[in-house]
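Chain letters run A, B, ... following the sequence lines, proteins first and then strands; every chain starts at 1. For the numbers below, each heavy atom of this structure counts, side chains included, while hydrogens, waters and symmetry mates do not.
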Protein chains: 2
Amino acid sequence: MISKIEFPVDTIEIANIAKAISHPARVYILKKLSKMNSCCYSGDLVEELPIGRSTLSQHLKELKYAGLIQGEIKPPYIKYCINRKNWEKAKKLFSGFLDDSPVIMETTIKRKSKTEPVNL
Amino acid sequence: MISKIEFPVDTIEIANIAKAISHPARVYILKKLSKMNSCCYSGDLVEELPIGRSTLSQHLKELKYAGLIQGEIKPPYIKYCINRKNWEKAKKLFSGFLDDSPVIMETTIKRKSKTEPVNL
DNA sequence: AACTAATGTCGTAAACTTACGACATTAATT
DNA sequence: AATTAATGTCGTAAGTTTACGACATTAGTT
């Protein structure tokens with residue numbers, strides 16, 4: 001009997017990054033910033049996106065919390081940039097996750113029966 | 001003035017896949033299934049994972065709904081496999097998303113002021 | 001000093017997610 | 001026919017997310 005695991009750290013990290021990416025507004029922002037090399041203002045984004053200003057602020061906060069973007073304050077402006085270091089880390093985690101090629105493995109089955117399904 | 005967009009379809013697709021991946025249990029399942037080539041039973045998974053049976057069932061349902069896995073029913077067993085076609089699609093979407101290299105672009109700023117921040 | 005622009009934060013409603021136990025279903029086994 | 005194993009579905013509680021308007025903050029402009 002295989003015993004219950006805690007979730008492995010990298011599994012949790014992948015889930016957390018995925019969560020940060022799990023809203024169209026945040027995908028859009030990351031796309032834009034990762035392509036930009038320079039930075040951009042939240043005002044640039046509100047005008048493009050179909051969401052309100054305070055909602056955008058929340059999304060930016062989440063991306064910042066997840067470490068995927070950074071804000072450089074120059075009141076009343078704030079320039080947002082991708083956090084290259086963590087963005088690279090995200091890339092690595094995801095490519096490891098997505099590109100693992102299949103290997104042949106057996107599943108275990110637990111029933112003590114004589115008529116187990118075939119094709120395991 | 002750039003006008004408000006609807007979120008582009010691929011942006012929404014990426015967000016949806018990310019959402020499906022946004023829980024450690026689901027990352028774990030996808031990791032396992034994508035590496036396995038063969039399939040596995042939900043019973044195999046409950047024993048490993050630190051969550052209850054009905055909760056696992058919900059997670060599997062979500063992954064199925066997102067198109068990332070398939071279940072082959074053979075009552076009372078159900079074999080779960082990765083959905084290779086959609087898994088490949090997810091890979092493509094994510095590598096396009098993550099690997100886009102930065103290009104130089106200008107941001108627009110809206111304020112009609114003479115003292116705009118430098119370093120745009 | 002008052003006004004304005006660009007933002008963030010708060011409060012809050014509505015919707016969604018996660019987790020779990022209890023019940024339902026299906027076919028093999030006794 | 002009753003029992004058992006492997007699962008799914010329902011109900012529901014607790015927690016989280018999303019969205020938005022109203023208010024707060026900061027510095028340039030008048």
Is B/Ile5 close to A/Tyr28 at the side-chain level, that is, under 4.5 Å between some pair of heavy atoms?
yes
Do B/Tyr80 and B/Ile29 come close enough that some side-chain heavy atom pair is under 4.5 Å?
no
For A/Ile73 and D/dG28, what is the distance between atoms CD1 and P respectively, to the nearest whole Å?
15 Å
Under 3.5 Å: donor-acceptor pair, side chain of B/Arg26, backbone of B/Leu60
no
Phosphate contact (D/dT17 OP1 or OP2) by A/Lys19 side-chain N/O below 4.0 Å
yes
From CD1 of A/Ile29 over to C1' of D/dT18, roughly how many Å is that when rounded to an integer?
13 Å
For the side chain of A/Ser57 and the backbone of A/Ser54, is there at least one donor-acceptor N/O pair under 3.5 Å apart?
no
Can you measure A/Ile78 atom CD1 to D/dA27 atom P for me and round it to whole angstrom units?
12 Å
By side-chain contact (heavy atoms from CB on, under 4.5 Å), B/Lys92 pairs with (sequence neighbours left out) none
Look at the side-chain N and O atoms of A/Arg26 and state whether any lies under 4.0 Å from the OP1 or OP2 oxygen of D/dT18.
yes
Atom CD1 of A/Ile21 and atom P of D/dT18 are separated, to the nearest Å, by 13 Å
Check DNA chain C against residues 55-67 of chain B and give the residues with a non-hydrogen atom under 4.0 Å, in numerical order.
B/Thr55, B/Gln58, B/His59, B/Glu62
Closest approach to the side chain of A/Tyr80, judged atom by atom: which nucleotide of C/dG8, C/dA22, C/dT18 is it?
C/dG8
Transitive ILVMFWY side-chain link B/Ile73 to B/Tyr65, under 4.5 Å
no
Atom CG of A/Asp44 and atom C1' of C/dA5 are separated, to the nearest Å, by 14 Å
For the side chain of A/Ser54, starting at C-beta, report the closest nucleotide among C/dC10, C/dG21, C/dT7.
C/dC10
Protein-nucleotide distance (B/Ile69, atom CD1; D/dT7, atom P), rounded to Å:
13 Å
Minimum-distance nucleotide (side-chain atoms of A/Ile51 versus D/dG8, C/dA19, D/dA19)
D/dA19
Between C/dA24 atom C1' and B/Arg53 atom CZ, what is the distance in whole Å?
11 Å
Answer whether the closest heavy-atom distance between the side chains of A/Leu30 and A/Trp87 falls below 4.5 Å.
yes
Rounded to the Å, how far apart are A/Asn16 CG and C/dT18 P?
12 Å
Which listed nucleotide (D/dT17, C/dA22, C/dA6) is nearest to the side chain of A/Tyr77?
C/dA6
